[in-house]
Amino acid sequence: MKKKITSVISLLLCAALALSLTACSGVSRDDKKMLEEAFKDTVMGGYFDDKAVEKVTDFESDSEDIEFFYDSQKNFTYILNKGVDDAEALGYEVTDAEIMDIDNDGVEEVFIVGYGDVEGMKTVACCDYMELPESLGGGSQFTVVAKTDFDEKFELSLEVKDGKVHLVAPDFDFGVIAKNGAALEFSNYSPMSVATEEKDMSIFLSKDDLAYKVNGKDVVPGEDFCYYITLSDLYFKISTLEEITGVKISEDFKNAGTFERMTIYGEDYIHLLYIPTYFDLVAHFGGNASVMVFMTEDYAAAHPDE
């Protein structure tokens with residue numbers, strides 16, 4: 001099941017040859033609405049120009065739900081999932097893609113390779129359904145759930161071998177793609193879990209990242225406590241969180257989604273946003289939007305105005 005997104009050149013040729021709007025863009029009114037919403041979720045204060053959006057037609061796909069669109073004015077690639085009436089707007093050109101239900105959950109994942117949203121980097125990403133925590137309003141969303149960046153010098157593409165999606169370069173097969181929390185890993189190369197000279201722990205929290213304060217006064221961690229954590233795409237080691245809170249993670253964590261949990265260097269980690277889902281903790285956003293506050297339920301009930 002091959003689904004190739006070709007270069008921008010072919011899209012521009014499509015426009016240059018003055019094919020009909022339906023043949024070259026094929027954007028329905030309902031599709032435009034979802035694409036516009038995805039664009040506004042990505043760009044602050046930007047203007048969505050639906051006349052610049054063209055449907056990507058020159059790749060093979062037997063998916064009934066997944067479609068790709070390209071914004072010739074802003075180098076955006078849109079991934080539209082009609083199965084959930086939702087779209088994801090990527091702020092860069094996608095050069096290759098594969099659509100496959102690799103985990104056999106009945107839902108198709110979309111794997112993409114693109115120039116990346118960081119200069120000098122290429123991005124390999126997976127788009128899928130993501131169950132949002134209650135702290136973000138709950139519900140499901142179609143979005144990028146995991147990604148890994150590579151130096152732009154790599155000529156990367158996707159290939160299906162024996163029913164599995166591989167990341168390949170002209171002279172190297174990085175191996176089968178797998179999701180591990182918010183990161184993508186590969187059977188022959190994993191920047192997160194394969195032993196390397198320098199282990200990148202930048203996305204993981206530690207005890208030193210917690211402050212135990214109430215109204216500016218230090219408090220002793222325990223049943224009455226308040227944790228202030230800088231909000232980011234960070235994971236916390238479960239054993240450490242259990243130690244400092246005295247609260248054990250719930251049994252249903254074993255069924256957590258791929259974005260919610262990460263196994264790294266033999267340890268289980270939980271994503272910052274999902275801590276209240278699996279621990280007896282209450283989460284609040286602090287006065288500063290970049291700060292999240294965690295409290296025990298007893299503490300929250302005794303301090304309703306904090």
Side-chain angles (χ1 to χ4, degrees), residues 3 27-28 30-46 48 53 61 63-71 74 76-92 94 97-114 116-117 123-149 165 177-184 203 231-236 252-253 255-262 269-278 283-285 289-290 292:
K3 306 141 199 84
V27 188
S28 70
D30 290 340
D31 291 350
K32 286 180 181 178
K33 182 179 179 181
M34 283 185 277
L35 299 182
E36 181 175 8
E37 290 175 352
F39 173 78
K40 290 182 177 179
D41 286 342
T42 303
V43 179
M44 298 294 293
F48 176 76
V53 176
S61 173
S63 173
E64 297 181 357
D65 291 331
I66 309 298
E67 294 182 348
F68 293 84
F69 294 85
Y70 177 73
D71 186 333
K74 303 182 180 68
F76 266 75
T77 301
Y78 299 88
I79 304 176
L80 178 65
N81 187 333
K82 292 187 176 182
V84 291
D85 293 332
D86 205 355
E88 173 77 343
L90 305 174
Y92 48 84
V94 170
E98 293 286 350
I99 304 172
M100 182 178 291
D101 179 11
I102 63 167
D103 52 11
N104 299 313
D105 64 352
V107 176
E108 291 179 317
E109 291 84 24
V110 181
F111 297 93
I112 65 100
V113 175
D117 46 11
T123 293
V124 181
C126 174
C127 294
D128 199 358
Y129 297 92
M130 173 181 169
E131 293 297 330
L132 298 174
E134 291 300 322
S135 59
L136 294 180
S140 61
Q141 180 179 349
F142 179 72
T143 186
V144 173
V145 296
K147 73 170 189 172
T148 294
D149 292 325
V165 181
I177 298 177
K179 292 177 285 185
N180 185 11
L184 286 181
I203 69 169
L231 183 61
S232 184
D233 279 347
L234 298 174
Y235 286 80
F236 209 111
D252 59 348
F253 179 72
N255 297 318
T258 55
F259 185 81
E260 300 168 35
R261 66 184 302 166
M262 175 179 279
Y269 289 76
I270 183 171
H271 191 277
L272 177 68
L273 294 178
Y274 293 89
I275 289 176
T277 303
Y278 300 103
H284 297 288
F285 288 99
S290 66
M292 178 170 274

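Residues: numbered from 1 along the sequence shown. Keep in mind it's a predicted model, so treat the numbers as computed, not measured.
Across every non-hydrogen atom of Ala89 and Thr42, the tightest pair is O-OG1, 3.3 Å. Of all non-hydrogen atoms in Val94 and Thr77, the two that sit nearest each other are N-OG1, 3.0 Å. Nearest heavy atoms, Ile112 versus Phe68: CG2-CE2, 4.3 Å.
Partners of Thr277 under the side-chain hydrogen bond (donor to acceptor under 3.5 Å, both in side chains) rule, at least two apart in sequence or in another chain, do not exist in this structure. Among residues two or more places apart in sequence or in another chain, the side-chain hydrogen bond (donor to acceptor under 3.5 Å, both in side chains) test is passed with Asp149 by Thr123. When the side-chain hydrogen bond (donor to acceptor under 3.5 Å, both in side chains) test is applied to Lys33, no partner is found at least two apart in sequence or on another chain. Applying the side-chain hydrogen bond (donor to acceptor under 3.5 Å, both in side chains) criterion to Lys179, with sequence neighbours excluded, gives Asp128. Evaluation of the ring pair (Phe, Tyr, Trp, His ring centres under 6.0 Å) rule for Phe48 yields Phe39 as partners, not counting sequence neighbours. Taking the salt bridge (Lys or Arg N to Asp or Glu O under 4.0 Å) definition, one finds that Glu36 meets it with Lys40, sequence neighbours left out. Qualifying side-chain contact (heavy atoms from CB on, under 4.5 Å) partners for Ala178, counting only residues two or more places apart in sequence or in other chains: none. Not a single side-chain contact (heavy atoms from CB on, under 4.5 Å) links Asn255 to another residue, sequence neighbours left out. Considering only residues two or more places apart in sequence or on other chains, Asn81 meets the side-chain contact (heavy atoms from CB on, under 4.5 Å) condition with Asp65, Ile66, Val84, Tyr129, Phe142.
Looking at Asp71 and Tyr78, their side chains come closer than 4.5 Å, going by heavy atoms from C-beta outward. Between Glu109 and Asp101 the shortest side-chain heavy-atom distance falls below 4.5 Å. Side-chain contact check for Tyr274 versus Phe259: some heavy-atom pair is nearer than 4.5 Å. By the 4.5 Å heavy-atom criterion applied to side chains, Asp252 and Tyr278 are counted as neighbours.
Each side chain to side chain donor-acceptor pair (under 3.5 Å) pair with one or both residues in residues 137-146, not counting sequence neighbours, appears once here: Glu88-Thr143.
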